[in-house]
Amino acid sequence: MSKFLIIDGNSLMYRAYFALPDLMNSEGMHTNAIYGFSMMLLKLLEEEKPDYIAIAFDKKASTFRHKEYSAYKGTRQSMPEELIEQVDILKDVINAFNIKTIEIEGFEADDIIGTVSKIASESGMDVLIVTGDRDALQLVSANVKVKICKKGITQMDEYDEKAVFEKYEVTPLQFIDLKGLMGDKSDNIPGVPNIGEKTAIKLVKEFGSIENLLMNTDKLKGKIKENVENNAELAVLSKRLATIERNVPIDIDLNEYAVKNYDVNKLTELFEKLEFSSLISDLKDDSRDTKDIKEWPVRDFTYVKNVLGKFDVLSLYPFIYDGKIKAVSFACGDGSFFVEIDDYDNFKLLNNDKLTLIGHDLKDFLVNISYCGIELNCKILDTAIMTYLLNPSESNYDISRVLKKYLKEDLQNIDDIVGKGRNKKSYDDIDKKLLVDYMCSAASNLSKLKDKLMSFIKEMEMEDLLKNVEIPLIEVLKSMEVYGFTLDKDVLRSISKEIDEKTDKIVKDIYDAAGYEFNINSTKQLSEFLFDKLNLPAIKKTKTGYSTDMEVLAELIPYNDIVGEIIEYRQLMKLKSTYIDGFIPIMDENNRVHSTFKQTVAATGRISSTEPNLQNIPVREEFGRRIRKAFVSSYEDGLIISADYSQIELRVLAHLSEDEKLIESFLNNEDIHLRTASEVFKVSKEEVTSEMRRRAKAVNFGIVYGISDYGLSKDLKISRKEAKEYIDNYFDRYKGVKNYIDSIVKFAKENGYVTTILNRRRYIPEINSKNFNQRSFGERMAMNTPIQGSAADIIKMSMVKVYNELKERGLKSRLILQVHDELIIDTHPDEVEIVKELLKSIMENIIKLKVPLVVDIGQGKNWYDAK
DNA sequence: TGACTCACG
DNA sequence: ACGTACGTGAGTCAG
């Protein structure tokens, strides 16, 4: 926990002045207060090692207490001449220590200390108050301690709650009552006449507070009773005067009080003038010790420039806050340092093709600066992606987790520094020291992390995958994100209107049928309507009640016409909320939406798309498919060109399994589902009906997913027995596939993982589980991952090549989207033919498999027409 | 925040 | 006997 040291400057200055003999330098200047103060400061810094420090001073002005009691501090003598002449120099010394002072018009140091200690302790710091005044004991709490000068200038007593109670037998807050009763000569607080420390302690112990005492004076007797009763008002006033104000209206940024190295040169110069030779030698010793450890590694871009002249590998870790890069930490052979960002143009310094930038999630950073027009041509390496390759099933690749796992480095969690949700701090409120520490340790560990990860990657033979696919893909995805997909708002609006009209009618019908109004979006209320009101049969249960999903509703259609309307309502609401209401507000000034593509999320190696998800735009149903009419080219008269791999997963399966029949089918460019139907149903291809083909298609899907009779039976709504027959027939005809599936499951059981064509690896610990479900799940993953993952490998390779080819040829057309087996190019009208040729030749030839890869190209003025 | 539902390959 | 098809992301409700 951070420690905030706050010093009562006036109090310590007086203490030093009175405790030391009258020292003078050769110029005849009095120096004892400065000397003593400096001694105390050095000692405190060394012993307490605070993270933050501030020194409070009284401000010469009438304080609020004078307004209440004109005699307040009336007996105090004015400051002696010999001390006055030291004040300004002392403040120079403090300044050279790089310590900030706090003075506020109208308030005493006490009140500043009371307020600052409250703020600091409330923000979770430990506070240590140093003063010569016992009054401060009232500020002691669980995380506030007070150090009080005892004798001379070096001896101090430290008080926590327990120590206060042990010594004075009252709580810190009762200290105020104590002073209210006994008064204080030095502050001229009157108190109650004839009540001294002894009596005051007795009374506070017995009654708890002055207020309670005054309500119970009947329990007192003799002189004490008389005195208290006659001076009730005085007691209350005294208490108020003795109470340290803890809510002084100050606007304070605790970060500004982070401990910094003192300015050795300035301090030495001052001490020389003051002739504090012993302190000068202390100073030098200390500064050597602390310099390395406590160096405040905050630099600017001039420093970055110097570093870049010396090193060709640089680690970078940015702090992106509210979409802006607020700061960056760098690390290189010279150590690590932190730079606040005021001008993105400074990043142009990194534009150097000899430079290798190591980062963790570099795309975030590159996208961010790209929006400001800055493109870097340096080489890059990304430790997040490396970690993902080593194990793509992790739930996240936060830097703190990765460093802990691979380097056993403990890094504070960034959420603890910045805060989360409604506790998120404003940038200025973030503890700068923690942030700098966090970022510098992140950056300074990246290079070591990279080495470690690289050794594992080489061991697993994933170096090619990393260097030829995943790393180059960063720039491709960055470009896709920054470029965006252009939408036609009018198309969205007109579909929206159409949906509104339809749903208005449907909602009325449903309410009429129910006889009451309810929220159709609520599964709970909908199931009450369906299963209680209409008494329809509840087919499926969920954890929380009866299911109302599509499968259930479809079966309920024959029972009541309203069910059809409910289904339609659901579909329309989904379209409107997700694809229209969800998209319009995120369009930029050029009518584009910018998705974020995630490279480290899908365990199979696929990329995913978020905010918005452009990989699930409707296509299966005609009405929803019309949404795609809104996805247009950014160019006047430009086209959307779509290039999709035909049956890529089954082709991959043919390649991996080397199944003769499957290979033959693809070599002959057959209708694959038709062929499967003729095999499974043991008829000639001419005899295959559309229903048979539909079922065979489901069987093929099942094979890719890791087949089970249960899953197939559910999908086709046939008996498990029948499903099992299909599967048996399939495996009988496609023996190569059967062998492959058996062998991949066996491999996974023995090795604990499976791999793809490019050696991408996924661990499957579930495969040896004793739990049947877990184990079956593992087996299906073992079957599906090499297929889905290899397809992902292939299209990723194509993306890199298509992107580079468009770039090298200086074409205006852009790769803007990937949907697992499909690439979308926003095509300039002059480049339609070249783009189509380029796509087809690159994608079909990106890798040589045992079957050909076939790419279908579509084009149109929008995505709908590009099919 | 988790559960449900549904959009895609 | 067991009881899920593989991989994702987003909107909505309800507690």
Side-chain angles (χ1 to χ4, degrees), chain A residues 392-393 421 518-527 540-553 566-567 569-583 586 595-598 601-621 623-625 627-628 644-650 653 698-716 720 723 727 754 762 764 766 769-789 791-792 795 817-822 863:
Chain A
S393 309
F518 65 100
N519 186 346
I520 308 167
N521 293 321
S522 161
T523 44
K524 194 161 164 260
Q525 294 181 42
L526 181 62
S527 69
K540 205 164 55 167
K541 270 202 268 191
T542 66
K543 270 184 194 167
T544 52
Y546 294 122
S547 170
T548 63
D549 67 13
M550 193 50 217
E551 194 190 322
V552 172
L553 294 181
I566 291 172
I567 292 172
Y569 175 84
R570 275 254 178 94
Q571 285 172 340
L572 295 170
M573 286 302 286
K574 173 85 178 178
L575 292 177
K576 186 158 187 297
S577 66
T578 305
Y579 303 103
I580 295 178
D581 297 343
F583 273 61
I586 57 172
S595 180
T596 301
F597 296 101
K598 303 267 178 77
V601 168
T604 51
R606 280 185 172 183
I607 55 174
S608 87
S609 159
T610 66
E611 290 177 294
N613 182 353
L614 292 183
Q615 292 180 318
N616 71 346
I617 305 303
V619 70
R620 292 172 186 170
E621 303 284 339
F623 188 84
R625 190 173 189 150
I627 297 275
R628 295 186 172 218
D644 71 287
Y645 278 112
S646 158
Q647 303 294 352
I648 189 166
E649 294 192 337
L650 286 175
L653 174 63
V699 172
N700 279 329
F701 269 99
I703 298 291
V704 168
Y705 290 159
I707 195 107
S708 75
D709 52 7
Y710 184 81
L712 184 64
S713 73
K714 232 176 70 173
D715 188 40
L716 286 178
R720 259 173 79 177
I727 295 167
V754 291
R762 179 185 187 178
I764 306 178
E766 297 91 338
S769 167
K770 290 188 179 65
N771 177 300
F772 174 87
N773 279 326
Q774 289 283 304
R775 191 169 64 249
S776 306
F777 186 42
E779 289 166 2
R780 291 194 299 276
M781 284 196 291
M783 298 181 230
N784 173 261
T785 298
I787 298 170
Q788 195 183 114
I795 196 157
L817 183 60
Q818 180 251 52
V819 193
H820 309 308
D821 62 357
E822 171 187 20
W863 196 2

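Numbered from 1 within each chain, the chains take letters A, B, ... in sequence-line order. Being a predicted model, the structure only gives us computed values, none of them experimental.
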Enquirer: Under 4.0 angstrom, heavy atoms only, what part of the nucleic acid is A:Ser708 near: base, sugar-phosphate, or nothing?
Expert: base

Enquirer: Rounded to the nearest 0.5 Å, how far does OG1 of A:Thr604 lie from CG of A:Asn784?
Expert: 7.5 Å

Enquirer: Do we see a donor-acceptor contact under 3.5 Å between the side chains of A:Ser609 and A:Ser595?
Expert: yes

Enquirer: Within the structure shown, what part of the strands sits under 4.0 Å from A:Ser776 by heavy-atom distance: base, sugar-phosphate, or nothing?
Expert: nothing

Enquirer: Can you tell me how far the CD1 atom of A:Ile648 sits from the CD1 atom of A:Ile795, to the nearest 0.5 Å?
Expert: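 Going from the CD1 atom of A:Ile648 to the CD1 atom of A:Ile795 covers 6.5 Å.
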
Enquirer: Does A:Asn773 reach a base, just sugar-phosphate, or nothing at all? Heavy atoms under 4.0 Å.
Expert: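 A:Asn773: base contact, heavy atoms under 4.0 Å.
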
Enquirer: Select base, sugar-phosphate, or nothing to describe what A:Asn613 touches, counting heavy atoms under 4.0 Å on all strands.
Expert: sugar-phosphate

Enquirer: Assign A:Asp715 to base, sugar-phosphate, or nothing according to its heavy-atom contacts below 4.0 angstrom with the strands shown.
Expert: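 Base: the residue A:Asp715, judged by heavy atoms under 4.0 Å, touches a nucleobase.
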
Enquirer: What is the nucleic acid contact for A:Phe777, judged by heavy atoms within less than 4.0 Å: base, sugar-phosphate only, or nothing?
Expert: sugar-phosphate

Enquirer: Which part of the nucleic acid does A:Thr548 contact within heavy-atom distance under 4.0 Å: base, sugar-phosphate only, or nothing?
Expert: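 It contacts sugar-phosphate atoms only.
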
Enquirer: Applying side chain to side chain contact (heavy atoms under 4.5 Å, CB included) to A:Tyr579 and A:Asn613, what does each step give before you reach the verdict?
Expert: CA-CA 10 Å; A:Tyr579 303 103; A:Asn613 182 353; over 6 Å; no

Enquirer: Whether A:Glu766 and A:Arg775 form a salt bridge (side-chain N of Lys/Arg under 4.0 Å from carboxylate O of Asp/Glu) is what I want to check.
Expert: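 No salt bridge links A:Arg775 with A:Glu766.
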
Enquirer: Working to the nearest 0.5 angstrom, can you tell me the gap between A:Ile727 CD1 and A:Asp709 CG?
Expert: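 Answer for the CD1-CG pair, A:Ile727 versus A:Asp709, is 5.5 Å.
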
Enquirer: Contact boundaries of DNA chain B with chain A (under 4.0 Å, heavy atoms), 5' to 3'?
Expert: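 Contact boundaries, 5' end first: B:dA3 to B:dG9.
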
Enquirer: Write down the partner of B:dG9 under the Watson-Crick or G-U wobble criteria, each distance required to be under 3.5 Å.
Expert: C:dC6

Enquirer: Taking any heavy-atom pair under 4.0 Å as a contact, classify A:Met550: base, sugar-phosphate, or nothing.
Expert: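 Contact class for A:Met550: sugar-phosphate only.
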
Enquirer: Give the first and the last nucleotide of DNA chain C, reading 5' to 3', that has any atom under 4.0 Å from a heavy atom of chain A.
Expert: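 Terminal contacting nucleotides, 5' to 3': C:dC2 to C:dG15.
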
Enquirer: Check every strand shown and say whether A:Lys598 touches a base, only sugar-phosphate, or nothing at a heavy-atom separation below 4.0 Å.
Expert: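 No contact.
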
Enquirer: Select from A:Arg720 and A:Met781 the residue whose nearest nucleotide in DNA chain C is closer to the 5' end of that strand.
Expert: A:Arg720

Enquirer: Name the nucleic acid region contacted by A:Gln525, choosing base, sugar-phosphate or nothing; use a 4.0 angstrom heavy-atom cut-off, strictly under.
Expert: sugar-phosphate

Enquirer: Would you give the length of the straight line joining atom CD1 of A:Ile627 to atom OG1 of A:Thr578, rounded to the nearest 0.5 angstrom?
Expert: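 Reported to 0.5 Å precision, the distance equals 9.5 Å.
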
Enquirer: Need one value for A:Arg620: base, sugar-phosphate or nothing, where a base atom within 4.0 Å counts as base even if backbone is also close, heavy atoms only.
Expert: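 Base, at least one base atom sits under 4.0 Å.
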
Enquirer: For B:dA3 and C:dT4, measure between their P atoms and round to the nearest Å.
Expert: 15 Å

Enquirer: To the nearest 0.5 Å, tell me how far A:Arg762 CZ sits from A:Gln788 CD.
Expert: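 It comes to 8.0 Å.
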
Enquirer: Taking only Lys NZ, Arg NE, NH1 and NH2, and the carboxylate oxygens of Asp or Glu, determine whether A:Glu649 and A:Arg606 approach each other closer than 4.0 Å.
Expert: yes

Enquirer: For A:Lys543, report the nucleic acid contact type (base, sugar-phosphate, nothing); a contact means any heavy atom under 4.0 Å.
Expert: sugar-phosphate

Enquirer: Checking all strands, does A:Glu611 fall into the base, sugar-phosphate, or nothing category for heavy-atom contacts under 4.0 angstrom?
Expert: sugar-phosphate

Enquirer: Can you tell me how far CG of A:Asp715 sits from OG of A:Ser708, rounded to the nearest 0.5 angstrom?
Expert: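 Going from the OG atom of A:Ser708 to the CG atom of A:Asp715 covers 10.5 Å.
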
Enquirer: Please work out if A:Asn771 contacts a base, only the sugar-phosphate, or nothing of the nucleic acid, heavy-atom cut-off 4.0 Å.
Expert: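 No contact.
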
Enquirer: Would you measure the distance from the C1' atom in B:dC8 across to the matching atom in C:dG3 and give it in whole Å?
Expert: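 About 26 Å, rounded to a whole number of Å.
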
